[in-house]
Amino acid sequence: MMMNKQKFIDKFMAAFVLLALFKVIGIVAQLFHESFWNVVGTLGVFLIVAFIILLVITSLKDKERNKSNSAGRKGSGSSSFYLENSLFDRIRSKYEELAEKYIAEKDYKKAARIYMNLLQDNYRGAKTLENGELYNEAAVVYLKKLNNKSDAAACYEKAKQHKKAIDLYKEMEQKEKVGDLYKEINDLRNAHYYYQMVVDDYVKNNQMVKASLVYRKKMEKTEEAQKVLLKGWEEDKDAFNCLNNYFANIFDIKKLESEILNLYEKAPAYKKITYLEAMKHEFKKDPKLHTTVRNIAYEIIADKVSTRSEIVNELKFFNPDDAVILKDISRFKTGRNKMFRN
C-alpha cells in the first residue's frame, strides 16, 4: 500500500515535469505573436506556480516515506484516491493563495491568469480584471469566455468604449441604454431615435407615465410628455397617475388652476371620484389653489353622496383646520344611520 502511494507520487511528479517542459516551450513560442514582456510575465507566473506544485509534491512524498505502516489498513485503491484528492486540493489551495497575493499587490492581470488558466474559473478572472479597473480586458473575457454580453457591455461603458458598448446593447435590444450612450457622446439624433422607440413600446403597453418620463427627462420634450399623460387620462390607461403627473409638470400656479378647471369640466361622470383623489394632492400644493380645488371637491361630493354616503369623509381633507365640519360629518352619518334603521 505504501509502495502504491509512493509510486503514484513519483509518476505524478514525472508527468508534471514533462508537462511543465512542454508548457515552457509553448510559452516561449508565443514570442512570434505576442510582445516580449507579455510572454515574460506569463512565463514568470507559470514558473512560480510550477515551483509551488513541486514543493507540494515533494512534501507529500516525504510525508509518505516517513508514514508508519499502521496507518495503512484500508485498501490501496481507496488510499490512492484519497491521496489524489489531497494532492489536488493542496495544489488548488496554493493557486488560491497565489491569486490573493497578486490581488493584494494590485497585480490583477497575474491574478486573473491564475483564476482562468490554473483554476479554470473564467468568471473570477473577469471579475478580478474588472475590480482592477482593467475594463477592456475584463470585457473580452466576459464576451469570449463566458458569452456574457451584459457584463461585457458594462465594462466597455466604464472603459469609455462607447461604440463597442452600444453594439452590444443593440444586440440585447436595450434601446434606452443605447439612447443613453448616444446622448453621452452628444449624438442626439441617434439618441432621440432610440428613445422614441422606447416611448412607442411604453405607449403600446399602456405605460403612459413611463413614456412621459422618457420624453421629459431623456429627450427634454415636456409638451410631448404632457400629451402622452393627457392621452392616458382620457383613454383610462392608468388614469389617476397620468392626471397626477400631468398636474405635477405644471409649475405656474395660474396655469395649473386653469388646467384643473378645464379638465374637470371635460371629465365624464364615472371619472369624478378619480378626479377627487387627484384634488387631494393639488390642495396641498399651494394656498392659492385652495378655493378652486375645494369648490370642485364640494361639487363632486354633493353629486355622489346620495349613492356613496361615505364620500362625506373626504370633506376633512379640504378643511383640515375646521373642527365644525368634523361635527357636521358626524351628524350627517348619525342621521343617515337613523334613517336606515327606521
Residue pair [X] / [Y]: nearest heavy atoms and the distance that separates them:
{"X": "A225", "Y": "S212", "answer": "CB-O, 3.4 Å"}
{"X": "A302", "Y": "V305", "answer": "O-CG1, 3.6 Å"}
{"X": "R216", "Y": "N249", "answer": "NE-OD1, 3.3 Å"}
{"X": "A138", "Y": "A126", "answer": "CB-O, 3.6 Å"}
{"X": "A111", "Y": "A99", "answer": "CB-O, 3.6 Å"}
{"X": "G125", "Y": "A112", "answer": "O-CB, 3.6 Å"}

Can you check whether [X] reaches [Y] side chain to side chain, under 4.5 Å on heavy atoms?
{"X": "N206", "Y": "E235", "value": "no"}
{"X": "L143", "Y": "L168", "value": "yes"}
{"X": "M279", "Y": "F317", "value": "no"}
{"X": "I311", "Y": "L276", "value": "yes"}
{"X": "K271", "Y": "W233", "value": "yes"}
{"X": "K163", "Y": "D167", "value": "yes"}

Ignoring hydrogens and angles, state whether a donor on the side chain of Y123 or D151 is under 3.5 Å from an acceptor on the partner side chain.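 Short answer, no.
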Is it true that, when you exclude [X] itself, more than 12 heavy atoms of the residues, nucleotides or ligands shown sit nearer than 6.0 Å to its [atom1]?
{"X": "K284", "atom1": "NZ", "result": "no"}
{"X": "K145", "atom1": "NZ", "result": "no"}
{"X": "E310", "atom1": "CD", "result": "yes"}

Quick one: [atom1] on [X] to [atom2] on [Y], what's the gap to the nearest 0.5 Å?
{"X": "N245", "Y": "L230", "atom1": "CG", "atom2": "CG", "answer": "12.5 Å"}
{"X": "E314", "Y": "I273", "atom1": "CD", "atom2": "CD1", "answer": "8.0 Å"}
{"X": "K272", "Y": "I296", "atom1": "NZ", "atom2": "CD1", "answer": "9.5 Å"}
{"X": "I103", "Y": "K106", "atom1": "CD1", "atom2": "NZ", "answer": "10.5 Å"}
{"X": "Y182", "Y": "I166", "atom1": "OH", "atom2": "CD1", "answer": "4.5 Å"}
{"X": "T128", "Y": "Y115", "atom1": "OG1", "atom2": "OH", "answer": "5.0 Å"}

Ignoring hydrogens and angles, tell me if any N or O in the side chain of [X] forms a donor-acceptor pair with the backbone of [Y] under 3.5 Å.
{"X": "N205", "Y": "Q207", "result": "no"}
{"X": "K218", "Y": "K183", "result": "no"}
{"X": "H290", "Y": "F283", "result": "yes"}
{"X": "N244", "Y": "F240", "result": "no"}

Other ILVMFWY residues reachable from V198 by side-chain steps of under 4.5 Å: Y195, V199, Y202, V203, M208, V214, Y215, M219, V228
Salt-bridge contact [X]-[Y] (side-chain N to carboxylate O under 4.0 Å):
{"X": "K110", "Y": "E105", "value": "no"}
{"X": "K158", "Y": "E130", "value": "yes"}
{"X": "K160", "Y": "E184", "value": "yes"}
{"X": "D107", "Y": "K101", "value": "no"}
{"X": "D200", "Y": "K204", "value": "no"}
{"X": "K175", "Y": "D201", "value": "yes"}

Test side chain to side chain donor-acceptor pair (under 3.5 Å) applied to Y169 and E157, K149, K177, the passing residue: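 Answer after filtering E157, K149, K177: E157.
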Same hydrophobic cluster for [X] and [Y], using side-chain heavy-atom links shorter than 4.5 Å among ILVMFWY?
{"X": "M116", "Y": "V140", "result": "no"}
{"X": "Y95", "Y": "Y108", "result": "yes"}
{"X": "V209", "Y": "M197", "result": "no"}
{"X": "M172", "Y": "Y194", "result": "yes"}
{"X": "Y135", "Y": "V141", "result": "no"}

Side chain to side chain contact (heavy atoms under 4.5 Å, CB included) between Y156 and H162, intermediate numbers included: CA-CA 7 Å; Y156 278 135; H162 295 103; over 6 Å; no
Do K285 and L256 pass the side chain to side chain contact (heavy atoms under 4.5 Å, CB included) test, and can you show the C-alpha distance, the side-chain angles, and the key distance before you say yes or no? CA-CA 11 Å; K285 283 184 181 177; L256 176 58; 4.2 Å; yes
Kindly list each side-chain donor-acceptor pair under 3.5 angstrom involving residues 257-264, sequence neighbours excluded, with atom names and distances?
residue : atom : partner : partner atom : Å
E257    : OE2  : T292    : OG1          : 2.4
E259    : OE1  : Y246    : OH           : 2.6
Y264    : OH   : E299    : OE2          : 3.1

Carefully, step by step, assess F247 and L289 under the rule side chain to side chain contact (heavy atoms under 4.5 Å, CB included). CA-CA 12 Å; F247 288 146; L289 294 173; over 6 Å; no
